[in-house]
Amino acid sequence: MIAGHPAREIADAVAEVLAHPDVLPARLTSCPWWRQSLAHGAPGIALLHIERAAAGLAPWRHAHDWLAYATQAPLTTGFDSHLFYGAPAVAHALACANELLPDSYTEALDRLDRVIADDARRRVGCALAALDAGHLPSLSEFDLIRGLAGIGSYLLRRTPDGDATRAVLEYLVRLTEPTQDGEETLPGWWALSGPDGQESARFRGGHANSGLAHGIGGPFSLLALAARRGTLVDGHLDAIARICDWLDRWRTDTPSGPMWPYWINRTQLRAGRRDVSVQRPSWCYGTAGLARAQQLAALATEDTGRRNMAERALIQALTDPAQRSATTDPTLCHGYAGLAHIATRVAADASPDNAETLHALIPDLLDSAHQTSAHTAALVDETGNSPALLEGAAGVALGVLAASGTGLPRSGWDTCLLAA
């Protein structure tokens, strides 16, 4: 971590411009969904103020203002809600504040926890019934952004031994079991749609998605994090092993390090191979997210070989000019801020040699984030610049905080990324 790096200016400038919800243009605040969207709206901005207050960089007043704004009207619950929208999204932000101020939001969180747990049990029941009926899952049933892996990350944090938490984990274990489609054996997470959730000619017959945001990477990380915390269900470690085997099967070892395809379609599955060209090594899809997921799995299963491979894979991705050139923006989701944050998280759990190498690479990532963040100076305007978490200024600011010297997140804001 680099104390005093100019990238810290990003976080300070963004926080100053986004000090209060009243400063935002109507193009944002007039949208009914914006108040409760973690990905694109107010709860994500609240996380920035919460983490800065937790690090002693700002007063708590700004965080309280944003949380009050997010909770001023009823929240979406049920099947239309998920970790990045509705009650779970706002609850995540409240839980981050509650981590440091345990008496401030307890009553509200207790109510939300009950609703979220009930919704999770219903979603698990429907998802298991579909599998029992022989249906393949949709991405939105299990992924991090919209599905049960995301809900499970919140439940694991709040009630690690709760019935709803265990129900989610049991479903994700079941999801990893192979399934038959005629004479073909498919991984249990095979979806009949394309990566965007829609059927298309390119993905006729469906695909297996590897991404941390939208594929099996999310359940993989959650199962690993739960195992590290001692929350295990029947078949838990076998499920982790099945996902590891799948990633090993489709890994391409290149001179620039191992790469994993974003997805495998039916044609590639039948051919038994897919050539992976240069691709962006981001959190949502690519080496950064999958390296952290595999490191977490290796730590949970005491697999030193996989741990070293995952750490070296990230190092190689960050030092390969071709892969680096595929990254062109500063965002948390798929840009330099996300790479800096993942590198910081991986370094904290890495072997001493790999940790030293990663720490040496972080300043260059921060330089790139800083250089590509000119748009963050023009947030409150009508040009469409986003102040949001995943693809906007608040996410850039959060992504560079830990890497630029504040230390690992104190509020746990990045549990929504399944980074910790």
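Fair warning: this is a prediction, and the values are worked out from it, not measured in the lab. Sequence positions, counted from 1, serve as the residue numbers for this chain.
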Quick check: are there more than 12 heavy atoms from other residues, nucleotides or ligands sitting under 6.0 Å from CD of Glu107?
-> no

Are Thr165 and Val168 close enough that some pair of their side-chain heavy atoms sits under 4.5 Å apart?
-> no

Side-chain contact test, heavy atoms from C-beta onward, threshold under 4.5 Å: evaluate it for Leu358 versus Val346 and give yes or no.
-> yes

Separation between CG of Leu24 and CD1 of Ile45, rounded to the nearest 0.5 Å | 5.5 Å

Rounded to the nearest 0.5 Å, how far does CG of Asn308 lie from CD1 of Ile315?
-> 8.0 Å

Separation between CZ of Arg242 and CG of Leu237, rounded to the nearest 0.5 Å | 10.5 Å

CA sep, side-chain torsions, deciding dist, call: Thr252, Thr254, side-chain hydrogen bond (donor to acceptor under 3.5 Å, both in side chains) | CA-CA 6 Å; Thr252 299; Thr254 76; over 6 Å; no

Could you check Asp329 against Thr331 for side-chain hydrogen bond (donor to acceptor under 3.5 Å, both in side chains), going step by step and ending with a plain yes or no?
-> CA-CA 6 Å; Asp329 66 69; Thr331 63; 2.6 Å; yes

Salt bridge (charged side-chain N to carboxylate O under 4.0 Å, His left out) partners of residues 80-100, not counting sequence neighbours, each pair once = Glu99-Arg157

State the CZ-OG1 distance between Phe203 and Thr267, to the nearest 0.5 angstrom.
-> 10.5 Å

Mind checking whether Arg35 and Pro43 have side chains closer than 4.5 Å, heavy atoms only?
-> no

Sequence-distant partners of Cys31, side chain to side chain contact (heavy atoms under 4.5 Å, CB included), two or more places apart | Trp33, Trp34

Please answer whether the main-chain N or O of Ala326 pairs with a side-chain N or O of Arg280 as donor and acceptor at a distance below 3.5 Å.
-> no

Do the side chains of Cys244 and Ile240 get nearer than 4.5 Å, heavy atoms only?
-> yes

Test side-chain hydrogen bond (donor to acceptor under 3.5 Å, both in side chains) on His214 and Asp143 and set out the steps.
-> CA-CA 5 Å; His214 294 294; Asp143 74 7; 3.2 Å; yes

Any donor-acceptor pair under 3.5 Å from His370 side chain to Ile10 backbone = no

Should Trp190 and Thr179 count as side-chain neighbours, where that means a heavy-atom distance under 4.5 Å?
-> no

Residues two or more places apart in sequence or in another chain: which of them pass salt bridge (Lys or Arg N to Asp or Glu O under 4.0 Å) with Asp234?
-> none

Kindly assign one of parallel, tilted or perpendicular to the pair Tyr285 and Trp263, based on the angle between their ring planes and the thresholds 30° and 60°.
-> perpendicular

Stepwise side-chain hydrogen bond (donor to acceptor under 3.5 Å, both in side chains) test for Gln316 and Ser256 | CA-CA 6 Å; Gln316 289 171 292; Ser256 302; over 6 Å; no

At what distance, to the nearest 0.5 angstrom, does CE of Met309 lie from CD of Gln295?
-> 11.0 Å

Kindly say whether Asp320 contributes a backbone atom to a donor-acceptor pair with the side chain of Gln323 at under 3.5 angstrom?
-> no

For His64, what residues pass the ring-ring contact (aromatic ring centres under 6.0 Å, His included) criterion, not counting sequence neighbours?
-> Tyr105

For the residue pair Ser368 and Arg324, confirm or rule out a side-chain donor-acceptor distance under 3.5 Å.
-> yes

Presence of salt bridge, Asp161 and Arg229, under 4.0 angstrom = no

Is it the case that more than 12 heavy atoms not belonging to Gln180 sit under 6.0 Å from its CD atom?
-> yes

Mark yes or no for whether Asp414, through its side chain, and Leu417, through its backbone, hold a donor-acceptor pair below 3.5 Å.
-> no

Between Leu401 and Arg52, is any pair of side-chain heavy atoms under 4.5 Å apart?
-> yes

Nearest non-hydrogen partners of Ala70 and Val90, listed with the distance = O-CG2, 4.2 Å

So, Asn354 and Thr357: side-chain donor and acceptor under 3.5 Å apart, yes or no?
-> no

May I ask you to check whether His236 and Asp238 show a side-chain donor-acceptor distance below 3.5 Å?
-> no

Main-chain N/O of Cys416 paired with Ser153 side-chain donor or acceptor, under 3.5 Å = no

Taking side chain as C-beta onward, heavy atoms only, is Val173 less than 4.5 Å from Leu169?
-> no

All side-chain hydrogen bond (donor to acceptor under 3.5 Å, both in side chains) counterparts of Ser193, not counting sequence neighbours = none

Charged N to carboxylate O under 4.0 angstrom, Arg204 versus Glu199?
-> no

Side chain to side chain contact (heavy atoms under 4.5 Å, CB included) filter on Arg121, not counting sequence neighbours, yields Ala117, Asp118, Asp163, Ala164

What about the rings of Trp413 and His341, do their centers lie closer together than 6.0 Å?
-> yes

Please test Thr415 against Leu156 for side-chain contact (heavy atoms from CB on, under 4.5 Å), starting from the C-alpha separation and ending with a verdict.
-> CA-CA 10 Å; Thr415 59; Leu156 181 65; over 6 Å; no

Applying side-chain contact (heavy atoms from CB on, under 4.5 Å), run through Leu94 and Thr71 and close with a yes or a no.
-> CA-CA 10 Å; Leu94 291 171; Thr71 56; 4.3 Å; yes

Donor-acceptor contact present, side-chain Glu51 to main-chain Arg410, <3.5 Å | yes

Okay, side chain of His62, backbone of Ala19: is any donor-acceptor separation there less than 3.5 Å?
-> yes

Aromatic ring pairing Trp66/Tyr69, orientation class (parallel under 30°, perpendicular over 60°, tilted between) = perpendicular

Could you go step by step and tell me if Trp283 and Cys333 meet the side-chain contact (heavy atoms from CB on, under 4.5 Å) rule?
-> CA-CA 6 Å; Trp283 164 76; Cys333 183; 4.2 Å; yes

Verify, without hydrogens or angle tests, whether Arg292 (side chain) and Ala419 (backbone) share a donor-acceptor contact under 3.5 angstrom.
-> yes

Step by step, would you call Leu18 with His49 a side-chain contact (heavy atoms from CB on, under 4.5 Å)?
-> CA-CA 9 Å; Leu18 299 177; His49 293 293; 4.3 Å; yes

Enter the distance from Asp119:CG to Ile151:CD1 here, rounded to the nearest 0.5 Å.
-> 7.5 Å

How about Leu47 and Leu38: do any of their side-chain heavy atoms sit closer than 4.5 Å?
-> yes

Any donor-acceptor N/O pair, Thr287 side chain to Leu314 backbone, under 3.5 Å = no

Does any N or O in the side chain of Ser81 come within less than 3.5 Å of the main-chain N or O of Ala87, such that one atom is a donor and the other an acceptor?
-> no

Stepwise salt bridge (Lys or Arg N to Asp or Glu O under 4.0 Å) check, Arg146 with Glu141 | CA-CA 7 Å; Arg146 298 162 296 174; Glu141 287 174 356; over 6 Å; no

Side-chain ion pair, Arg307 and Glu311, N-O less than 4.0 Å | yes

